[in-house]
Amino acid sequence: MPADDVHIHDMPTHDPTAHTEDIIVIDNLYKIFGSVMAVCGFSLRVRRGEVVVVVGPSGSGKSTVLRCINHLEVPTEGDIYVDGIHLEDKKTDINAVRAEVGMVFQQFNLFGHLSVLDNITLAQRLIRKRNRPEAERIAMEQLERVGIPEKANAFPHQLSGGQQQRVAIARSLAMNPKIMLFDEPTSALDPEMIKEVLDVMLDLARGGMTMVVVTHEMGFARSAADRVVFMDQGCVVETATPKVLFNEPKHERTKLFLSKIISH
Ligand code: ADP
Ligand code: MG
C-alpha cells in the first residue's frame, strides 16, 4: 500500500510489527528476580522464517528471555509482540499466543505414564480441540518427521534421551506453531545422541520455521542460524551472522566467551 493511502488513525498505535516482517519483537525487556537483574534492556527483532541462535555464559539471562516470549515469565518492564500481538496487554489471550509458540526444553518434560502417541495428542486435543483420530494422524506425521514412527506405542522410559527429545519436538510441531523456541535442547544428551536431535532442528530450519535457539552447538549455529546473538549480563553484546560473530567478534567479552567454548 502506498504511504499516502494510509490514514494515520487507521494505524494501530502500539504495534511496531504491523508493517514489518518481524514475527517477534522484544523491546527493552527487563526481568528482575528479587535482587537479581536477569535481563536488563534486551531488545531483539526476529523476522518470519528467521533462525536466531542465542549464546552466552550461564546466568546471562538466555532462558529468561525465551520464557518471556511465551509469557512463562512476566517481564518486569518492556514490551514483547508475537505476530503483532502485545503480550503485556491485559486484553491479550496468552493461551492463544502460547499455542502458536512451541517450546523445547533441556529436560524433555514428557508424561511418563503416557505413551509417546498420547504425549503428542494431549495438547492437540485439549487446546486445538482435535478429535482423537485427527490428533493421532497428525502425531504420526510428526513422528515420521522426527524419524521414530515405530515408537508411537512406547513409553518415555523405553526411549533413549535423543528419542525422547525428538518426541518432545514432535509434540510441539503437532500444534502447528508459528514459532519454535529451543532452550539448550541437546545439553542433557549423551554426545552420540546430539546429532540426531540437531538434524531434526536443521531440517525444521530449512523448512522455513521461525526459530530462536539457545545452544552452544556451534556447528548447528553455523549451518542453521541467520544470526547469532551473544548476550551477557542480561543484554545483547553483539549480533551478527554466525560467520562474522565466530570469526571476527568485535567485543572483548564475545572473544573471551568464544575462546572458552570453542577450545573444549
Ligand atoms: P541462562 O539461561 O543464560 O543461564 P537464566 O535466564 O536462567 O540464565 O538466569 C539469569 C539469572 O536470573 C540468573 O542469575 C538466575 O539465577 C536468575 N533467575 C532465573 N530464574 C529465576 C527465578 N525464577 N528466580 C530467581 N532467580 C532467577
Ligand atoms: Mg538457561
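Numbering of ligands and ligand atoms starts at 1, following listing order. For the numbers below, each heavy atom of this structure counts, side chains included, while hydrogens, waters and symmetry mates do not.
- The shortest N or O to N or O distance between Glu73 and ligand 1 is not below 3.5 Å.
- In this structure, the side-chain contact (heavy atoms from CB on, under 4.5 Å) partners of Ser172, at least two apart in sequence or on a different chain, are Val104, Met180.
- For ligand 1, the atoms sitting less than 4.0 Å from at least one non-hydrogen atom of Val36 are 12 (O), 14 (O), 17 (C), numbered in the order shown with element in parentheses.
- Ion pair Arg145/Glu141 not flagged as a salt bridge, since none of the NZ, NE, NH1 or NH2 atoms sits closer than 4.0 Å to an Asp/Glu carboxylate oxygen.
- Put simply, atom 16 (O) of ligand 1 has no protein non-hydrogen atoms near it, under 4.0 Å away.
- Within the 4.0 angstrom cut-off, atom 25 (C) of ligand 1 has one or more protein heavy-atom neighbours.
- At least one heavy atom of Ser60 lies less than 4.0 angstrom from ligand 1.
- For the pair Leu72 and Met103, the tightest heavy-atom approach, listed with the atom from each and the gap, is CD1-SD, 4.2 Å.
- Residue, atom and distance of the protein heavy atom nearest to atom 19 (C) of ligand 1 are Phe33 CE1, 3.5 Å.
- A distance below 6.0 Å separates the ring centres of Phe257 and His216.
- Inclusion of Ala38 in the set of residues having an N or O under 3.5 Å from an N or O of ligand 1 is not warranted.
- Sparse packing is recorded around NZ of Lys243, with 12 or fewer heavy atoms of other residues, nucleotides or ligands lying under 6.0 Å away.
- Atom 3 (O) of ligand 1 has as its closest protein heavy atom Lys62 NZ, 2.7 Å.
- The single protein non-hydrogen atom nearest to atom 7 (O) of ligand 1 is Ser63 CB, 3.7 Å, given as residue, atom name and distance.
- Counting all heavy atoms, side chain and backbone alike, Pro242 lies closest to Arg222 at CB-CA, 3.9 Å.
- Comparing Val65, Ile32, Thr64 by heavy-atom distance to atom 9 (O) of ligand 1, the nearest is Thr64.
- Ligand 1 does not have Gly234 within reach: every non-hydrogen atom of the residue lies 4.0 Å or more from it.
- Not a single N/O/S atom of Ser58, whether from backbone or side chain, sits less than 2.8 Å from the Mg ion (ligand 2).
- Which parts of ligand 1 touch Pro57 is read off a 4.0 Å heavy-atom cut-off, strictly below it: atoms 3 (O).
- Annotation: atom 10 (C) of ligand 1 to nearest protein heavy atom, Gly59 O, 3.4 Å.
- His251 approaches Glu238 most closely through the heavy-atom pair N-OE2, 2.8 Å.
- The residues Arg47 and Asp22 are annotated as not salt-bridged, no charged nitrogen and carboxylate oxygen being separated by less than 4.0 angstrom.
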Discussion item. Please evaluate residues Arg125 and Asn131 with respect to the criterion side chain to side chain contact (heavy atoms under 4.5 Å, CB included), reporting the C-alpha separation (whole Å), side-chain torsions for both, the decisive distance (0.1 Å), and the verdict.
Written reply: CA-CA 6 Å; Arg125 294 172 64 201; Asn131 61 30; over 6 Å; no
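- Atom 8 (O) of ligand 1 has its closest protein heavy atom at Gly61 N, 3.1 Å.
- Taking every heavy atom of both residues into account, Gly112 and Pro156 meet most closely at O-CD, 3.9 Å.
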